[in-house]
**Student:** 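Please find one structure pasted underneath; my questions will follow.
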Amino acid sequence: MGSSDVPRRARGALEAAIMDVLWQAGRPLSPGQVRELLAASGDATARQLSYSTVVTILTRLHVKKVLARKRVGRSFHYAPLADEAGLEARRLTALLDGSADREAVLSRFVADLSDSDEELLRRLLGSAGGRPGGDAR
């Protein structure tokens with residue numbers, strides 16, 4: 001089976017699969033452990049991943065400040081810096097930070113919310129000084 005026979009993942013799918021493995025593990029993992037857990041997941045493309053591919057993705061996620069990295073012996077172990085909700089919140093913040101017109105983006109975002117999501121957002125903004133968890137910066 002040549003490399004052209006290996007089905008390609010959607011952009012970001014491998015990063016998401018690796019993040020899922022790390023979240024489920026609940027502890028820092030080495031690239032080898034991540035690769036083993038991906039292969040055990042039953043995903044045909046995951047079983048064919050090379051160790052270096054996993055290292056590359058883990059390194060990219062570390063550079064993006066999504067993963068913490070700690071040297072253990074001659075290797076690194078990786079752990080998520082945030083849960084899934086925290087990661088999505090960081091992505092939204094990055095999108096806003098990259099926008100030339102922050103007010104327009106936020107206005108359109110709120111306008112496109114469902115009624116229930118809009119109500120939830122209003123509740124969250126109304127409590128704890130606008131910061132969920134009481135973190136009024």
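All residue numbers in this chain count up from 1 along the given sequence.
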**Student:** Quick one, Val66 and Arg60 - any side-chain contact, counting heavy atoms below 4.5 Å?
**Tutor:**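 No, their side chains stay 4.5 Å or more apart.
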**Student:** Is there a donor-acceptor contact under 3.5 Å from the side chain of Arg35 to the main chain of Val54?
**Tutor:**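 Pair absent, no side-chain N/O of Arg35 close to backbone of Val54.
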**Student:** For Arg102, look at atom CZ and say whether over 12 heavy atoms of other residues, nucleotides or ligands are found less than 6.0 Å away.
**Tutor:**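 Correct, the count exceeds 12.
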**Student:** Which pairs of donor and acceptor atoms, one on a side chain in residues 14-22, lie under 3.5 Å apart (sequence neighbours left out)?
**Tutor:**
residue : atom : partner : partner atom : Å
Glu15   : OE1  : Lys64   : NZ           : 3.1
Glu15   : OE2  : Lys64   : NZ           : 3.0

**Student:** One pair to check against side chain to side chain donor-acceptor pair (under 3.5 Å): Ser50 and Thr53. What are the steps and the verdict?
**Tutor:** CA-CA 5 Å; Ser50 69; Thr53 297; 2.9 Å; yes
**Student:** In terms of hydrophobic clusters joined by side-chain contacts under 4.5 Å, are Val55 and Val34 together?
**Tutor:**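 Not linked; separate clusters.
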**Student:** Would you say that more than 12 heavy atoms from the other residues, nucleotides or ligands in this model lie under 6.0 Å from the CG of Asp115, or not?
**Tutor:**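 Counting neighbours around CG of Asp115, 12 or fewer heavy atoms of other residues, nucleotides or ligands fall under 6.0 Å, so no.
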**Student:** Indicate yes or no for a side-chain donor-acceptor contact from Ser99 to the backbone of Leu96 under 3.5 Å, with no hydrogens or angles considered.
**Tutor:**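 Absent.
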**Student:** Is there a path of hydrophobic side-chain contacts, each under 4.5 Å between heavy atoms of I/L/V/M/F/W/Y residues, joining Leu81 to Trp23?
**Tutor:**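 No.
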**Student:** Could you tell me if the side chain of Pro31 sits less than 4.5 Å from the side chain of Tyr51, heavy atoms only?
**Tutor:**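 Contact flag for Tyr51/Pro31 side chains = yes.
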**Student:** In Å, rounded to the nearest 0.5 Å, how long is the span from OG of Ser75 to CD of Gln33?
**Tutor:**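 Between atom OG of Ser75 and atom CD of Gln33 there are 8.5 Å.
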**Student:** Is the closest side-chain heavy-atom distance between Tyr78 and His62 below 4.5 Å?
**Tutor:**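 Tyr78 vs His62: side chains touch.
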**Student:** Can you sort out the partners of Arg90 under side-chain hydrogen bond (donor to acceptor under 3.5 Å, both in side chains), two or more places apart, ordered by chain and number?
**Tutor:**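 Applying side-chain hydrogen bond (donor to acceptor under 3.5 Å, both in side chains) to Arg90 gives none.
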**Student:** What I want to check is whether the side chains of Glu119 and Ser116 have a donor and an acceptor closer together than 3.5 Å.
**Tutor:**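 No, no side-chain donor-acceptor contact under 3.5 Å.
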**Student:** For the pair Glu88 and Arg91, find out whether any cationic side-chain nitrogen is under 4.0 Å from an anionic carboxylate oxygen.
**Tutor:**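 Between Arg91 and Glu88 there is a salt bridge, with a charged N closer than 4.0 Å to a carboxylate O.
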**Student:** Does some side-chain heavy atom of Leu67 sit less than 4.5 Å from a side-chain heavy atom of Leu58?
**Tutor:**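 Contact flag for Leu58/Leu67 side chains = yes.
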**Student:** Between atom OG of Ser41 and atom CD of Gln24, what is the distance when rounded to the nearest 0.5 Å?
**Tutor:**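 Going from the OG atom of Ser41 to the CD atom of Gln24 covers 9.0 Å.
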**Student:** Does the side chain of Arg27 come within less than 4.5 Å of His77's, by heavy atoms?
**Tutor:**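 Of all side-chain heavy-atom pairs linking Arg27 with His77, none is under 4.5 Å.
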**Student:** Is there a path from Leu125 to Phe109 through hydrophobic residues (I, L, V, M, F, W, Y) whose side chains come within less than 4.5 Å of each other?
**Tutor:**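 Yes, because Leu125 and Phe109 connect within a single hydrophobic cluster, where side-chain heavy atoms sit under 4.5 Å apart.
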